[in-house]
*Asks:* 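One structure, as structure tokens, below. Some questions next.
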Amino acid sequence: MESISGAYDPKKTESETYKKWEESGYFNPDNLPENKGENYIAYMPLPNVTGTLHMGHALNNTFQDILIRFHRMRGRKTLWFPGTDHAGIATQFVVEKQLKKEGTNRFALGREKFVEKVWEWKNQYGNIIYDQLKKLGISCDWSRVRFTMDDAYAKDVQNAFVHYYEKGLLYRGYRTVNWCPRCATSLSDLELEYKEEEAKLYYIQYGPFTLATTRPETKFGDTGLAVNPRDSRYKDYVGKELDIESLSTEGSLDTPQKKKNKIIVVADDAVDVEFGTGIIKVTPAHDLVDFEIGSRHHLPLVQVIDEEGKMTEHAGKYEGMKTADARKKIVEDLKTVGLLKKEEPYTHNVAVCYRCGHVIEPIPSKQWFLKMETLAKTALEAVKSGTVKIHPENFEKPYTAWLENIKDWTISRQIWWGHQLPVYFCKNTQEVISNSQFPISNKEKGKYIISLEKPKKCPFCKQCEMEQAPDVLDTWFSSALWPFAGLSESDQKKYYPGTTLITARDILNLWVARMIFSGIEFRGEVPFKDVLIHGTILTKDGKRMSKSLGTGIDPLKYIDMYGADATRFGIVWQASGQDIRWDETAIVAGKKFLNKLWNASRFVLTQAEKDDGQSLRAPNAKTDADTKILEAFSKIKTSVEKDIAQFEFSKALRDLYEFFWHEFCDVYLETSKKQLGEETTKENTAHILLFILRESLKLFHPFVPFVTEEIYGRCPFKDKKEFLMVESIL
RNA sequence: GGGCGAUUAGCUCAGUUGGUUAGAGCGUCACAUUGACAUUGUGAAGGCCAGAGGUUCGAGUCCUCUAUCGCCCACCA
């Protein structure tokens, strides 16, 4: 190698090398030589279009790239699907923030203009992460990059919706959902975060009882009282309708007054005997647990809070007040009429929106639901039977626990950015609502049909221009189809199902479980065989890395400082399974090692300047040192392959490192200097050096692809391939 | 509240079915200075393996409890 100074400089080669790889077409399995063994297919965990590279991506993609490169070099056709997720709420949130800066908002723009804006934003910033991933050296197939809102992809999403509908798995209904008044959308349980809040526990007189509540403003939505069936204190009241005195919603705000109300007492296990007074008010419209209790006991739903977090007409004179204000006023009034027994400070967790942090307001809302019972069973069975293996096995527990206790999936979202439902309403006819006896404030829509295309003529009134449902689908509904949606027919035939999915644990259920049942439902078999859950990279003091907390670390900084190989090395070196507290010194170790690899290669190449095929065959040993190094090599090759098959990347790298540095460089290279000086061993020693170098480059390549490719390019190997990337290991 | 996991050298971590003097990287100290590499070499210091109890001929490794920390799920009105 012509380098005069000893040091390896990644800056000089990495981007150039990546360009050559990309241009070679070998990231695309269609261009790979003949197929030995099964295809190897992986799916990139969809980064959000709003995302920029963080340590989690770096870890995940490095692992995935190791496997892809490893299998490619073993003659398998490898395909790694890249893409990004439109990330409904997250993206809408970012663009709304931008609009706010510009002094406007989405409502002023209108839906169509707003969605256009989001597309503009996506086209401008949505691909940044691709360039960042390229810097890391990952070898996914960019010719197959997809976005979850591409036309072809969207079509498959709509098809899935129609499919579920026709199968009878979709239904529409009122349900008390987690509602974010700020984002004006419902949120799934998984999209909530909890925040500790100092509140008050109010003890209110309710007929013969005193009960504790943190939310007195919901009292006008109370349609029952509940006690635990085993609570002897209230046994005699269960099933009775009581006529109790309570705060009236009539009259003027200045004069609080009492009024008699009828309310039923039910017995339900959800009630904790120990807490408060052991009796609760049931507000099915504004509490998720109460909703469940209410549906078990057929209690009506009375909505007293609307979508904007304000009191409805059912709150009488309190109508229009924000819930926080209403609470204050109602507490005051309860005090005035003598119904408030006492209040005490109370700390509890309140649900907040994971995007904007606004407090969640449970309200009843008309939503689309996907029945989960049978779908969940298929996903459960896939793992229980071992068709899909989760590594490490521990993660089967949260997976099965979630599926076994699954609730129907609320798939509609009231935002503008996403896949709009393929549902069309008639403007002139009224839909008959089966549960319309409930006083709900949602505006009703007309009759609807479900169709992939907008109908030319309304089948109901025969004259109106049908209106598409404003709701969009939950982002996860579309990402659940990722292993096949938007793929050409031939790709679906050739490249489904895949092999591995590598991801972080937090989306095991949100995403992985849903991909599994979607794959079974739409393609007839599971989308992948192995799911690898890797650890999370934490800050050095064990905190979660987060942009908002400012604790994030940018992998690009390290790539810039030390090069992509050293960064990959440092990540793999540390990421041995559990969560890791990030330590930059591992990258330093990587950097040093790359230099070692570089210089050892230079030495070998000065000793063996031409290759008549020596690098292709395992040579014979003539000395003890020869025997030792050849045995050590054979051992390391076997163990590395075993480790990678078991996803033990860190161990594989550490063992390789130990072999190359301490056994090959420290010992054999030093001995070789003597052996090269003696006629009897000279030639054979050079032969061994060349052989070990070539084989070591192959073994190291999946971990540190750039430097190994660069060295390989400078070697005089016989039967050299165009790239080390497509060298074969048998 | 339920579950999972962690606690080993100054720091970050290995330690695969229990078996002789517990390992690595980084850091520290001493010596070596141009021979592939000073992003180096040779060597050294540094650990009651969180604590207590138990099983065993033998425990960092298995069991129980305690303490501290982290994460996931559920959520209490």
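Convention: sequence-line order gives letters A, B, ...; per-chain numbering from 1. Keep in mind that what you see is a predicted model, and the values were worked out from it rather than measured.
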*Asks:* Is there a Watson-Crick or G-U wobble partner for G60(B) with both distances under 3.5 Å, and which nucleotide is it?
*Replies:*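 Check on G60(B): unpaired, no WC or wobble geometry under 3.5 Å.
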*Asks:* Could you identify the nucleotide paired to C31(B), looking across every strand shown and requiring Watson-Crick or G-U wobble geometry with both distances under 3.5 Å?
*Replies:*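 In the structure as shown, C31(B) has G41(B) as its Watson-Crick or wobble partner.
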*Asks:* Under 3.5 Å for both donor-acceptor distances, Watson-Crick or wobble: does A77(B) have a partner, and if so which one?
*Replies:*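 By the stated definition (distances under 3.5 Å), nothing pairs with A77(B).
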*Asks:* Which of these, F703(A), F706(A), F700(A), F593(A), sits in a ring-ring contact (aromatic ring centres under 6.0 Å, His included) with F569(A)?
*Replies:*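 For F569(A), the ring-ring contact (aromatic ring centres under 6.0 Å, His included) check succeeds only for F593(A).
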*Asks:* If you only use heavy atoms from C-beta on, which nucleotide in C75(B), U39(B), A77(B) is closest to the side chain of N595(A)?
*Replies:*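 Nearest listed nucleotide: U39(B).
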*Asks:* Using a heavy-atom cut-off of under 4.0 Å over every strand shown, decide if Y657(A) touches base, sugar-phosphate, or nothing.
*Replies:*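 Sugar-phosphate contact only.
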*Asks:* Taking atom P in both U64(B) and A77(B), what distance in whole Å separates the two?
*Replies:*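 About 34 Å, rounded to a whole number of Å.
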*Asks:* Residues of residues 689-700 of chain A with any non-hydrogen atom less than 4.0 angstrom from an atom of RNA chain B: list those, numerically ordered, please.
*Replies:*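 Those residues whose heavy atoms fall under 4.0 Å from RNA chain B, taken from residues 689-700 of chain A, amount to none.
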*Asks:* Rounding to the closest angstrom, what is the interatomic distance between U40(B) and G3(B) at atom C1'?
*Replies:*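 Comparing C1' positions in U40(B) and G3(B) gives a spacing of 50 Å.
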*Asks:* Nearest to the side chain of K673(A) - U12(B), A36(B), C75(B)?
*Replies:*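 Among U12(B), A36(B), C75(B), the one nearest the side chain of K673(A) is A36(B).
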*Asks:* Base of A38(B), side chain of K592(A) - is there a donor-acceptor contact under 3.5 Å?
*Replies:*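 Under the 3.5 Å cut-off, the side chain and the base do not form any donor-acceptor pair.
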*Asks:* Looking at C13(B), which nucleotide sits across from it as a Watson-Crick or G-U wobble partner, both distances under 3.5 angstrom, or is there none?
*Replies:*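 Check on C13(B): paired to G23(B), both distances under 3.5 Å.
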*Asks:* Work out how far the P atom of A36(B) is from that of U42(B), and round it to whole angstrom.
*Replies:*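 One P to the other, the span is 15 Å.
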*Asks:* Find which nucleotide of RNA chain B each of D579(A) and D506(A) is nearest to by heavy atoms, and output the residue with the more 5' nucleotide.
*Replies:*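 The residue mapped nearer the 5' terminus is D579(A).
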*Asks:* What's the closest nucleotide to the side chain of D666(A) if the choices are U42(B), C76(B), U39(B)?
*Replies:*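 Of U42(B), C76(B), U39(B), U42(B) is nearest to the side chain of D666(A).
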*Asks:* Give a yes or no on whether the ring-centroid distance for W582(A) and Y558(A) is below 6.0 angstrom.
*Replies:*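 They qualify: ring centres under 6.0 Å apart.
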*Asks:* Please tell me which of the listed nucleotides, C11(B), A77(B), C26(B), lies nearest to the side chain of D583(A)?
*Replies:*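 Of the candidates, C11(B) comes closest.
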*Asks:* Do K397(A) side-chain and C4(B) base share a donor-acceptor contact under 3.5 Å?
*Replies:*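 Side chain to base: no pair present.
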*Asks:* Would you say the base of A36(B) and the side-chain of E670(A) have a donor-acceptor pair closer than 3.5 Å?
*Replies:*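 A donor-acceptor contact between them is present.
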*Asks:* Looking at F220(A) versus H314(A), is the centre-to-centre ring distance below 6.0 Å?
*Replies:*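 Distance test on ring centres: not under 6.0 Å, no.
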*Asks:* Would you mind telling me which of U16(B), U39(B), G41(B) lies closest to the side-chain atoms of K591(A)?
*Replies:*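 My answer, after comparing the listed nucleotides, is U39(B).
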*Asks:* Given that both distances must come in under 3.5 Å, which nucleotide forms a Watson-Crick or G-U wobble pair with G18(B)?
*Replies:*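 Matched G18(B) with nothing under the 3.5 Å cut-off.
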*Asks:* Where the side chain of Y346(A) is concerned, which of C4(B), C37(B), C76(B) is the nearest nucleotide?
*Replies:*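 Minimum distance to the Y346(A) side chain belongs to C76(B).
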*Asks:* Under 4.0 Å from OP1 or OP2 of C4(B): is there any side-chain N or O of W402(A) that close?
*Replies:*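 No, because none of the side-chain N or O atoms of W402(A) sits under 4.0 Å from OP1 or OP2 of C4(B).
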*Asks:* Minimum heavy-atom separation for A285(A) to V302(A), with atom names?
*Replies:*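 It is CB-O, 3.1 Å.
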*Asks:* What interatomic distance, in whole Å, is found between P of A14(B) and the corresponding atom of U7(B)?
*Replies:*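 Nearest-Å result for U7(B) against A14(B) at atom P: 7 Å.
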*Asks:* When the distance from NZ of K596(A) to C1' of A38(B) is rounded to whole Å, what number comes out?
*Replies:*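 Going from K596(A) (NZ) to A38(B) (C1'), I get 10 Å.
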*Asks:* Choosing from C13(B), C11(B), C76(B), which nucleotide comes nearest the side chain of R654(A)?
*Replies:*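 Given the options C13(B), C11(B), C76(B), the side chain of R654(A) is closest to C13(B).
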*Asks:* Pick out which of Y657(A), F664(A), F659(A) makes a ring-ring contact (aromatic ring centres under 6.0 Å, His included) with W661(A).
*Replies:*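 So the option named by the test is Y657(A).
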*Asks:* Mind jotting down which residue pairs meet the side-chain hydrogen bond (donor to acceptor under 3.5 Å, both in side chains) criterion with at least one end in residues 559-568 of chain A? Sequence neighbours excluded, please.
*Replies:*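 Every pair satisfying side-chain hydrogen bond (donor to acceptor under 3.5 Å, both in side chains) with a residue in residues 559-568 of chain A: D65(A)-R568(A), Y562(A)-E584(A).
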*Asks:* Please state the C1' separation for the pair A30(B) and A45(B) - nearest whole angstrom.
*Replies:*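 Taking atom C1' in both A30(B) and A45(B), they lie 10 Å apart.
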*Asks:* Report the base-pairing partner of C48(B) (Watson-Crick or G-U wobble, both distances below 3.5 angstrom), or none.
*Replies:*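 Answer to the pairing question: none, since C48(B) forms no Watson-Crick or G-U pair.
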*Asks:* Have a look at V282(A) and say if it touches a base, only the backbone sugar-phosphate, or nothing, with a 4.0 Å heavy-atom cut-off.
*Replies:*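 No contact at all - V282(A) keeps every heavy atom at 4.0 Å or more from the nucleic acid.
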*Asks:* Would you mind pulling out the nucleotide paired to U7(B), Watson-Crick or G-U wobble, both distances under 3.5 Å?
*Replies:*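 The answer is A67(B), by the H-bond criterion.
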*Asks:* Side chain of D287(A): nearest nucleotide among U39(B), C76(B), G25(B)?
*Replies:*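 Shortest atom-to-atom distance from the side chain points to C76(B).
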*Asks:* Please figure out whether K281(A) or K540(A) has its closest RNA chain B nucleotide nearer the 5' end.
*Replies:*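 Whichever sits nearer the 5' end wins; that is K540(A).
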*Asks:* Taking the six-membered ring for Trp, are F647(A) and F63(A) ring centroids under 6.0 Å apart?
*Replies:*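 F647(A) vs F63(A): aromatic centres not under 6.0 Å.
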*Asks:* In sequence, state the C-alpha distance, the side-chain angles, and the governing distance for K281(A) and T218(A), and then conclude on side-chain hydrogen bond (donor to acceptor under 3.5 Å, both in side chains).
*Replies:* CA-CA 9 Å; K281(A) 62 192 204 62; T218(A) 62; 2.7 Å; yes
*Asks:* Please give the distance between the C1' atoms of G54(B) and G58(B) as a whole number of Å.
*Replies:*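 Each nucleotide's C1' atom is 15 Å from the other's.
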*Asks:* Of the options A77(B), A36(B), U40(B), whose atoms approach the side-chain atoms of R602(A) most closely?
*Replies:*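 The answer is A36(B), which lies nearest to the side chain.
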*Asks:* Which nucleotide wins on minimum distance to the side chain of W573(A), given the candidates C37(B), C4(B), G25(B)?
*Replies:*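 Per side-chain heavy atoms of W573(A), the pick is G25(B).
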*Asks:* OP1 or OP2 of G5(B) sitting under 4.0 Å from any side-chain N/O of N394(A)?
*Replies:*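 So the side-chain polar atoms of N394(A) do come within 4.0 Å of the phosphate oxygens OP1 or OP2 of G5(B), strictly under.
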*Asks:* Determine the interatomic distance between P on C75(B) and the same-named atom on A6(B); round to the nearest Å.
*Replies:*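 These two P atoms come out 28 Å apart once rounded.
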*Asks:* Any side-chain donor-acceptor pair under 3.5 Å between S615(A) and D611(A)?
*Replies:*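 Yes - a donor-acceptor pair under 3.5 Å links their side chains.
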*Asks:* With P as the reference atom in both, quote the distance from C76(B) to C48(B) in angstrom, rounded to an integer.
*Replies:*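 About 48 Å, rounded to a whole number of Å.
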*Asks:* Should the pair K341(A) and Y203(A) be classed as cation-pi, given the thresholds of under 6.0 Å to the six-membered ring centre and 45° from the axis?
*Replies:*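 Judged by the rule (NZ or CZ under 6.0 Å from the ring centre, within 45° of its axis), K341(A) is not positioned above Y203(A).
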